[in-house]
Amino acid sequence: MDFKNCKRCGKIHYGRGPICKACEEKDEEVFQIVRTFLKENPNCPMTVVSKETGVSVKVIERFLRDGRLEITEGIADYLRCLKCGKPIKVGKYCKECSNEVNKEMKSIYNNVTKKSDSDDAKKSGAKMHLKRISEK
Ligand SMILES: [Zn+2]
Ligand SMILES: [Zn+2]
């Protein structure tokens, strides 16, 4: 049977996830505390949430990045884009940077598929793609 070290506490465990059962349960407990608190105080700034719940800002940030926690107005400014440092609401990058990342990926993809595409199809394809981005 597979066993590994828990990413959180370092103990050997047999679970499917990266962390052991005990840490998972603790995670869930902490998550519920934060979520309940945010439900009752939706406009609370992150630092206050951390203070009131006793949950460290780092842990709350992890919940946000994982997309488990809903962003409320008070903590909306907390997350920062990993690329440019702009405040974001969810995930790792701001809209511009994630577009940038997507574009980079697309150009790599285009370079690979260029040979099989006709010029016309490529042009209209690019236009459609741009349109879709600006409509968002
Ligand atoms: Zn653990
Ligand atoms: Zn950015």
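One-based numbering, in listed order, for ligands and for the atoms of each. These numbers were taken from a predicted model, which means no experiment stands behind them.
- Within 6.0 Å of NZ in Lys11 there are 12 or fewer heavy atoms belonging to other residues, nucleotides or ligands.
- By the 4.0 Å N-to-carboxylate-O rule, Glu28 lies too far from Arg35 to be salt-bridged with it.
- Geometry note: the Zn ion (ligand 2) is the vertex, Cys94 SG and Cys81 SG are the arms, and the angle is 120° (rounded to 10 degrees).
- When SG of Cys9 and SG of Cys6 are joined through the Zn ion (ligand 1), the resulting angle is 100° to the nearest 10°.
- With hydrogens and angles ignored, the 3.5 Å screen pairs a side-chain donor or acceptor of Thr36 with a backbone N or O of Gln32.
- Between the side chain of Lys83 and the main chain of Lys92, no donor-acceptor pair closer than 3.5 Å is present.
- Geometry about the Zn ion (ligand 2) gives an angle of 110° between SG of Cys84 and SG of Cys97, rounded in steps of 10 degrees.
- The angle Cys20:SG - the Zn ion (ligand 1) - Cys23:SG amounts to 110°, with values rounded to 10 degrees.
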